[in-house]
Amino acid sequence: MSGFRLFDLNPAQEQAVRTIEGPLLILAGAGTGKTRVITMRVAYLVSQGIPPSDILAVTFTNKAANEMRERLATLLDSDVAKKVTMSTFHALCMRILRLDIDKLGYKKNFSIYDEGDTTGLIKKIITRTAARDEKLEPNVAKALISKAKNNGWNAPQDDKTLIGAVFARYQAELKTLNAVDFDDLLLLTVKLLNEHPDVRERWNNRFRFLMVDEFQDTNRLQLDLVSLLAKPVNAPPGARPNVAVVGDDDQSIYGWRGADMSNILEFEQHFPNPVVVTLEQNYRSTNTILGSANFLIKNNARRRAKSLWSARDGGAKVRIVQMPDDRQEAEFIANEIAQRIVTEPAKAEDFAVLYRMNAQSRSIEHNLRELHIPYRVVGGKSFFDAREIKDFLAYASCLLNTEDDVSVLRIINTPARGIGATLIERATEMSAVKGCSVFAILSDPEFRGSISKRATGAVDAFIELLDSFETKLHEPLADQAAVVRAFIQETGYLEDLHRTCKTPEEGLKRQSKVLEMIRWFEENQKKSDKGLRGFLDDMMLRQEKQEEEKKEGGDGVTLITLHAAKGLEFPHVYLIGLEEGLLPHDRSKVEGTVDEERRLLYVGITRAMRTLALTWCKNRVKYGGTMPTFVSSFVKELPAELVEHRDVSQILNEPVPETSVKGRFDSMLSFLDKL
DNA sequence: GGCGAATCGTCAACC
DNA sequence: ACGATTCGCC
């Protein structure tokens, strides 16, 4: 490993890579080779004799972690690369908590609640807690609770106000459910490391070199976590923790999740005397695109000034295309991509369509499908949001933790097995009074005395069902995948799923998703010893679609939200829906976060390597009906000399760029090839 | 008391 | 256009 070469790095990049010890702040503008620097630095550390297992690299998304893992595998032997820990914050916390959460009074088989689960729980608590004249929007409460947790829990938790009471009860309830929410993963880990120096010391020894990507998106808790991991318990004053953080304040787009830009703007206060490296040379985009992005972002006040430059000159102007409505927007984009695949040396995977909301992908998908252009929709919780997936995960979760009321209640009458709403309500009430789980109440003599004979039969059948499979699952040497498969079989869930779908095709599709899930688990089981618990953890922390098998000929056009697109690049980008109310989003004006919306557009623009088109519609379908809209105020913040405004009708009347007959024929062939 | 069907209100981004 | 909620029937 001693022969490792730092090839093709510019001086700033090389300095970042070569700085091994002490705090390091890498301010990496968009497209400045950030990922390359991180992976090179890891490889360099290893080449300098640092054991790969001492290195921890934290990212925000699984996608980023995977990408880094892949890139690292090209620089190091694969078995060496595997020893480096690359993880998301949440996955890391999960690992830490699964080992020692019992020190905080939880059990090690705790469940994780996703957004939907927590909203449901909060809703229930509000109805139980609120007086008649009191009102509290569950989503508002959830946002407040989340915010408080991410700030380290400095919120009222008492019965003086409704929200205070809900706060306190929510957290208490989670604990009795033996469950944690996403925020708890961070909050409880920080608590654990704070209150148990022995645990902290173990992790201090485990990881000696930390790297954090997308540092501008860290919140208070994540900063605390990094500090706890990096600074030994009894560190002498003046000790210099080995923490390298990478980020770009201009790309901070997770304020709504508690991200605090001051973590990066005031890095020196948390880790004194860091080496600061600024990466400003952009290797991605044309100067036209960069110039537009720079001009736009200058409208933000609170930022570390940077001047991105590129050796790549000129480039086509940024097109701003106006459409009558969103239907035609989708049609135009699909048609133009189809045309460009034929007339330009471009493949489907060179194109990306970026949007503010997941819902915007539908019409694009529809039009691309019609033209038989391959595409992939990235992120969009669609897969894990589907009811059949949630049901499946709930079934699995019950088997592992029968105290998990939310999961038990989700499937207790799915498929309908005679345990209806009133019965459930009674059981829930009694469980609250007696302070035990809903599932435990089902066997309680007092509860059983209070219900009808028929109900008792239904309840018994359910108890028997869950108990028997729980036992099977925990038998030593059990084939867990087989148990899960039999469990789903026994419940008749798939048949019910089929029955409740409008069309047989839909039923088949949903059914196959469940079966696919079981198949993943089977494969997962062969590869690792994490069992059903580990598999479920992975699933809960993956809001992205499962990596699809690499298909021949690439993945096609990428459809992705602006948030999820951070860190990616594409030769040709369409950024759609540049309308006031959508981007910037209406709520951002109320919340005073228009700057963040501007950064979001900045992120979108800087994804483009060669060409960029921004589109906006005069009318957009909203709430069923068509509503008039206006062009986004950000459009006029772009430099006039670098953009051109077009109406879609103009473009459609332009002749297709002519190529020779033979050229046309060849590109036709290659088009068919690319498909 | 439980089940399926119409009606109502909602619509940001992610781990 | 969608899912959660309410309504009427068994």
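Lettering follows sequence order; numbering is per chain, from 1.
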Using the 3.5 Å cut-off, write out each protein N or O paired with an N or O of nucleotides 1-7 of chain C and the distance between them.
none

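- Atom C1' of nucleotide dA13(B) and atom CG of Asp114(A) are separated by 16 Å, given to the nearest angstrom.
- Across all their heavy atoms, Arg327(A) and Asn367(A) have their closest contact at O-ND2, 4.4 Å.
- Residue pairs meeting the salt bridge (Lys or Arg N to Asp or Glu O under 4.0 Å) criterion with at least one partner in residues 449-462 of chain A, sequence neighbours excluded, are Arg448(A)-Asp460(A).
- As rounded to whole Å, 13 Å separates atom P of dA13(B) from atom CG of Leu583(A).
- Both geometric conditions, a ring-centre gap below 5.5 Å and a plane tilt below 30°, are fulfilled for His585(A) over the base of dA12(B).
- When the P atom of dC15(B) is taken as reference, atom CG of Leu185(A) falls 13 Å away, rounded to whole Å.
- Look at CH2 on Trp256(A): it is 6 Å from P on dC14(B), rounded to the nearest Å.
- Salt bridge annotation for Asp217(A)-Lys566(A): present, with a cationic side-chain nitrogen under 4.0 angstrom from a carboxylate oxygen.
- For the residue pair Asp181(A) / Thr118(A), no side-chain donor-acceptor distance below 3.5 Å is found, with atom types taken as modelled.
- There is no side-chain donor-acceptor pair under 3.5 Å between Thr626(A) and Asn619(A).
- Contact annotation for Glu597(A): base contact, defined as any heavy-atom pair under 4.0 Å involving a base atom.
- dA13(B) and dA4(C) are spaced 23 Å apart, taking the C1' atom of each and rounding to whole Å.
- Among the heavy atoms of the strands, none lies under 4.0 Å from Phe89(A).
- A donor-acceptor contact under 3.5 Å links the side chain of Glu591(A) to the base of dA12(B).
- Rounded to whole Å, the distance from CD on Glu115(A) to C1' on dA12(B) is 12 Å.
- Relative ring orientation between Tyr254(A) and Trp256(A) is described as tilted, the plane-to-plane angle lying within the 30° to 60° band.
- Put simply, NZ on Lys142(A) is 13 Å from P on dC14(B), counting in whole angstrom units.
- The nearest whole Å value for the distance from the CG atom in Asn66(A) to the C1' atom in dC15(B) is 14 Å.
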Task: Reading 5' to 3' through nucleotides 1-8 of chain B, protein heavy-atom contacts under 4.0 Å coded B for base, S for sugar-phosphate only, - for none - done: SSSS----
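- A donor-acceptor contact shorter than 3.5 Å is absent between the side chain of Thr414(A) and the backbone of Ile411(A).
- A residue-by-residue look at His90(A) and Arg356(A) shows that Arg356(A) has its nearest nucleotide of DNA chain B further toward the 5' end.
- The phosphate of dT10(B) (OP1 or OP2) has no side-chain N or O of Asn139(A) nearer than 4.0 angstrom.
- None of Asp595(A), Asp249(A), Asp250(A) except one satisfies the salt bridge (charged side-chain N to carboxylate O under 4.0 Å, His left out) rule with Arg303(A); the exception is Asp250(A).
- Here Glu596(A) pairs with Arg599(A) in a salt bridge; the nearest charged N to carboxylate O distance falls below 4.0 Å.
- In this entry the distance linking OH of Tyr355(A) with P of dC14(B) reads 9 Å, nearest Å.
- Inspection of the Asp184(A) and Gln171(A) side chains reveals an N or O donor paired with an N or O acceptor under 3.5 Å.
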